[in-house]
Amino acid sequence: LNPEIPEQSIALTDTVNITSPDMEAGPSSKRRAIPIHIKTLHTGVRGRARFHVNLVYRQVDFADDLVQQLTAIECVNRAQANPVTGSVLILFDPACSGQNVVALLKNAVRRTIRRATYTREALLKPRQVATAPGPDIREILGKLFEKSIPAARHKTRARRNAGPFAGVRWHTQSGATILDVIGTSPDSGLTAEEALRRLQRYGPNELPSLARRSDLEMLVEQFVSVPVGLLAASAVVSVATGGLMDAVVILSVVCINAGIGYVTEQQAERTIESLTKTAPRFARVVRNGGLREIPQADIVVGDLMKLNPGDFVPADARIIRAHRLTVDESALTGESLPVVKSSTFTGEDKTPLADRINMVHMGTMVTGGSGAAAVVATGEDTELGQIQTMVSATRPPETPMQQQLKHIGTQLAVVSSVICAGVFFLGLLRGQRFLQILKSSISLAVAAVPEGLPTVATTTLALGIRKMQHKNVSIRHLNAVETLGSVEVFCLDKTGTLTLNKMTVVALQVGDETVAISNDRFIIDGQVIDPGSRHEYRQLLQVISLCNEADFSNGAQTAKGSPTETALIELAQKGGVDVPALYQALPRLKIRYRAENRPYMYTCHRLSDSEQFVAVKGSPQQVLELCSYYYQDGELRPLDDAIRADIIAANDRMAGEALRVLGVACGEKALDCAEVHEGLTWLGMTGMIDPLRTGMADLIHTFHQAGIHTVMITGDQSATAYAIGKQLGLNRDKPLQILDSTRLDKLDPELLKGVIDNVHVFARVSPAHKLQIVQALQDSGKVVAMTGDGINDGPALKAADIGVAMGGASADVARSVSDVVLEDDNLHTMVTAVHQGRGIYNNIRKSIHYLISTNLSEIEIMLTGIGTGLGQPLNPMQLLWINLVTDIFPGLALSMEPPEPGLMNRPPRERDEKIVRRKDLLRMARESGIITAGSMAGYVYGWLRYGPGPQANTLAFNSVTLAQLFHAYACRSEHHSIYSEDKLPPNPWLTRAIGGSVALQLLAMFVPGIRNFLGATRIGLLDGAVIVAGASLPMLINEGIKQAGIRADQLMLDQDTGRDTQVFPDTTADNPREKRP
Amino acid sequence: VKANFVFTSESVTEGHPDKLCDQISDAIVDHFLAADPWSRIVAECAVANGVIFIAARFVSTASVDIPQVAREVIRQVGYSGEDFNANDCTILTNFTELAESERVAVDERELSSADHDRRTAKNHATVFGFACNQTRTMMPMPIWLAHQLAMRLSQVRKDEILSYLLPDATIQVAIEYRNRAPYRVHSMNLVASHRPLEEQALAAMRTDLIQHVFTPIFEREEVHFDTNTKIFINPEGPFIGGGPAVHSGLTGRKTAADLYGQYCRPSGSALSGKDPARIDRTGTYIARYAARNIVAAGLAEQCEVQLSYTIGQAQPVSIQVESYGTGKVDDDELAKRIKQHLDFRPSAVIAQFNLRHQKEISGEGFYRKLAAYGQVGRADLDLPWERTDKADLLR
């Protein structure tokens, strides 16, 4: 025996915090705690112990790695880990203490998790690791009530031929060896024939995709569910008791329900499926010695790929050539910063995936540099493919809301089942007939189980996505819709989002004259001048045309190039310069770009056989230092210190107006002159601006109204950033806070997290540091949305809870990692997106509220009736009818409510807020209680008048049906009641649903055939009045209580106007230092 | 004050985080006044963990790139290490614009006497000015020596005489007084940051500092240190690195070093980061001017001038002189004379010292230079409040 190891099963619980990569391009890089459960199973033999480790269960790779970790420990002789059972057997040196073994095992598990090689997503999915020891009653019940999904949901594709070189450790081989092994040439690549042969043999480069459920499958699923099972049981009981017609009715209820479920689910499925579809991507490979673009699916092992920024790596490949190649591997390794790749590195067997810098992997993204790589694995054989195959998680993951709803649904199902059983036994005790009460209980269960909760959510989300598409908002993930509604911080990229990313020259400084450029005119002190008539102006315009990188080839009339360069060309053209002619007259000899130590650019142009013209533009201070002369009133004069100071002052003034200022100079030098940029002539300065898009300040205000904090991210200097921040009103009425940093990565993340709440502008930020900003905001507990359009923005967009890509201008990468695409390239559309996101979330809430509260009322009525000895207020048929008539259509109609007014004047919901809050449950209980009271009053009235039997049932039946239908109106809003002064926008769907349902109910009451089925009787006038009263009074009372609550809230708000809807507390207001005069 | 006692004062170099903040605050004032002399600006600065926080409230026609100003100060002070340098440090700014009406509407230099009367103090403030004949700058000996040593320390660092020194240092000087006159140096404490040093160099540091810092300064002073004088150099062990990466700093925390090293009653509020419209700053200057002229006139060996301003009045409501029994005439008489010959009204002070246009007179960075090594009693700067041009009138 091992006395040291306690025999009874001890559960050792621990957690490891890691940063997880998320395979789905949803919110990623969240830190998660992974629970470790170690249970001692068997320690009977000395030197031998068996444990259960939750993480080993169904994790082949983890088991392997754990064994390696364990065998590396000195006193462990042998170790085995079984991924089928999750058990770990350790044979250890008997000298080693037993308690130690548990500790050793724990540490080994921790080490295994931490190992960078282990980046399997499966481990990181909480639902996979939460296999707590011992059966969980909730889980079992949950499985019972959850719609059973046929095991064949994922079509098992015929396993294609395993890749040609499966198992080769590519990263340990030199590039030349690999080229040899895969049989390809580093220059000419594969031949087309060979590529085709390989494609046919090994299959396309595709990952297993989600097989779509067939229509039939979906239809069959409608019938394979717990409520349908209950109904079938009910039908059997009916047949047994001779009620054949009852059985027929029950079956038709089943069919109608299934039909509706089928139609809505089919539509939702189609919408969701369309999200995962991506346009076919292309890759550039070398074949037959030539570069060609082929669909990514056609890539085969041996292909030589070219990699450029913005490319998605289509397959696993060994790098052959790399020039400053950097790759974002966060999808695979969770490493958020781009990794520098090298062709010369050779790894070892156990080099972790993240450190295999001589490899590129499928699913990662090139962020910089260029390179070439030889494909070594495609499709399922890639690292990504293996992960996907292992977890077989090609199905889109459930959104947090769906998970919550499933949970609530399960809980409610348990509660309802218990109550139904209670009703059954109570009825028996009360002496009701066995079969009668059995049928009633089963029917009650059918009516009361809220089976449709997750479906309602999915359907509503899908409908919302389609609606948003019409409004130019493309949603790329199902859960983005609900996240949109909870966005608390919106990070805005200045260039291209707030501005047009189009520079315009608005001011010139020539000599001591300040020129404003407006509507193509040059204006000095209100006087329009002709720049062509003055030598120094002509000269300046010519120099900015000559010293320019814009492409003017092919005789085009408009230039192509960076915004700055084209803005200068446009100015020259406005000033009457014929740019193409100028280029011909002065052909360019040399161009020197701006560099680290040279903040200006210059070009040399041939003037004559012996002379050249030098054109310079760049940072005003530095350009001025190159100059010895300047123009004053058309005359060339030497520069002195006073004039230099004046020029610098003018530069400061222009910079202070948020202009981007460039100094311009020129000179004529001998052709063989080496020092061409000395003793030049100062011509002046241009000031340009990237104008804000129209209406941006209003837009920012709208976000603030909606309780969303706005943050601007810009590469500008603080002075410019301040001017723009003020113009936009980013600070509302608080001091404008600017964080000015070129090296955010060096800043202590804790510190950044601490200050970030109040920052309005990040200045001098390079795009690569946007990720730090997003993560710091998230760490401070905020839900972050972020705009971006460039390749550099990829990681930040991905990390953000909502990555927003601007439709037109965005790089493919930005688009593909974003959650939301604004197709019309207009930031105003984002308001629509948030508005819709909040509306959809609320609508789901409304449907759920309706479904749960009405189901509760049915249970309560039955329970009260039977419990008080008043008999069964509703018969089984009536219960089924209520389930059919009152549940489905009003529930669906509520999910199509137009967004409530004032939705954008309220703060976003809390990140962790449950979809059904405690106060919602209380409201449901209260409302259902009042409905029950109303209906029971009707029933008691009938009972007293007619005695127990059909007449009393009819009264209860009609009261409750109508009361539930009326209740749908109460569910439309928690901020409005029927007594509110401002009315909600009409919802025609609801009107139709309620009208139709009421008509159906009337039909049932007045058509004798149906009435008899339902076990109802004719209704007299007085009875009718009782029914109307019993149905409408509860609604009037419920709405009255709600109105009182709304008023109380408003009163509190009025008394406390200082604390309005600000999400970010104004800390400075409490600072006495600020109060000084 | 007793006849025999020991008094200590402290000064810090320009690289000390508190002083760095003072200099950034005053450099911001300089930039605003240079571009728009009628700016209102209050700039406060804190530095912690290598991050700089600047809160500025202003109204001005000038547009100042405040983080850029701060970076320039950091660069000039000499921080270039990996942990904290001008280019990489993060700067968080908090800007509030004051109402346009707060901007100064007139040129104080062109005001009549009646106009000066109408431009009253906007705060209650009591300020003190001091002067004594202990040194040629009429400063108390302990703070004067501490400043001289601190300046010298920066000098040998910048001239690379002792290239291992880093910008951050503190120096404390204790002077023994006999018969109210400085008699000898009691002890000195120098905490100087430096680069990591080898054992040998570390041992040589003491001799280096005595040779290159202490000896040159005391050669030109009247008091000297002797073999009994205790000189502490980095008494708590080597001070590697230093600066904002190690300890934090805040504007206005070195007011004793800005003024008289606690030798007289302190004026309380900070001076740096305030434009001349703040009476607590300008009042301190005119009080020093008054005290210095009294001593220069030979009316007292040492004297302290107290001015109390209240809201709504241009003249101080109280002008007091304390000569500690050294006065040739009665203290009340001294007070009467300075009241008669000096103009203490806020806008008149701005006008006579030309506080808004010092850029044209003294060149760049007038206030920034004041922010290190003392706002008063500077031998290296020609400060308007150090002139003794009223001495004859007072006599």
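Worth knowing before you read on, the calculation uses all heavy atoms, side chains too, and leaves out hydrogens, waters and symmetry mates. A, B, ... follow the sequence lines: proteins, then strands. Residue 1 opens every chain.
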query = Between Phe53(B) and Val755(A), does a side-chain contact (heavy atoms from CB on, under 4.5 Å) hold up when you go through it step by step?
reply = CA-CA 10 Å; Phe53(B) 302 85; Val755(A) 300; 3.7 Å; yes
Residue, of Leu751(A), Asn731(A), Leu752(A), that accumulates the most heavy atom pairs under 4.5 Å with chain B = Leu751(A)
Contacts of [range] with chain A (heavy atom under 4.5 Å):
range: residues 25-39 of chain B; answer: none
range: residues 59-80 of chain B; answer: Ser63(B), Asp65(B), Pro67(B), Gln68(B), Arg71(B)
range: residues 362-371 of chain B; answer: none

With only heavy atoms counted, which part of [X] is less than 4.5 Å from chain B, the side chain, the backbone, both or neither?
X: Arg764(A); value: side chain
X: Phe762(A); value: neither
X: Leu736(A); value: both

query = side-chain contact (heavy atoms from CB on, under 4.5 Å) between Ile91(B) and Leu739(A): does it pass, once the steps are laid out?
reply = CA-CA 6 Å; Ile91(B) 300 179; Leu739(A) 191 81; over 6 Å; no
Ring pair (Phe, Tyr, Trp, His ring centres under 6.0 Å) partners of Tyr285(B), counting only residues at least two apart = Trp385(B)
message = Is there a side-chain contact (heavy atoms from CB on, under 4.5 Å) between Leu92(B) and Val759(A)? Walk through the geometry before answering.
response = CA-CA 8 Å; Leu92(B) 181 64; Val759(A) 174; 3.5 Å; yes
query = Quick one: OG1 on Thr96(B) to NZ on Lys734(A), what's the gap to the nearest 0.5 Å?
reply = 12.0 Å
key: Nearest atoms (heavy-atom pairs only) where Ser741(A) meets Asp88(B)   = OG-O, 4.2 Å
inquiry  = Between Thr93(B) and Asp740(A), does the side-chain contact (heavy atoms from CB on, under 4.5 Å) criterion hold? Intermediate values first, please.
reply    = CA-CA 8 Å; Thr93(B) 51; Asp740(A) 177 302; 5.8 Å; no
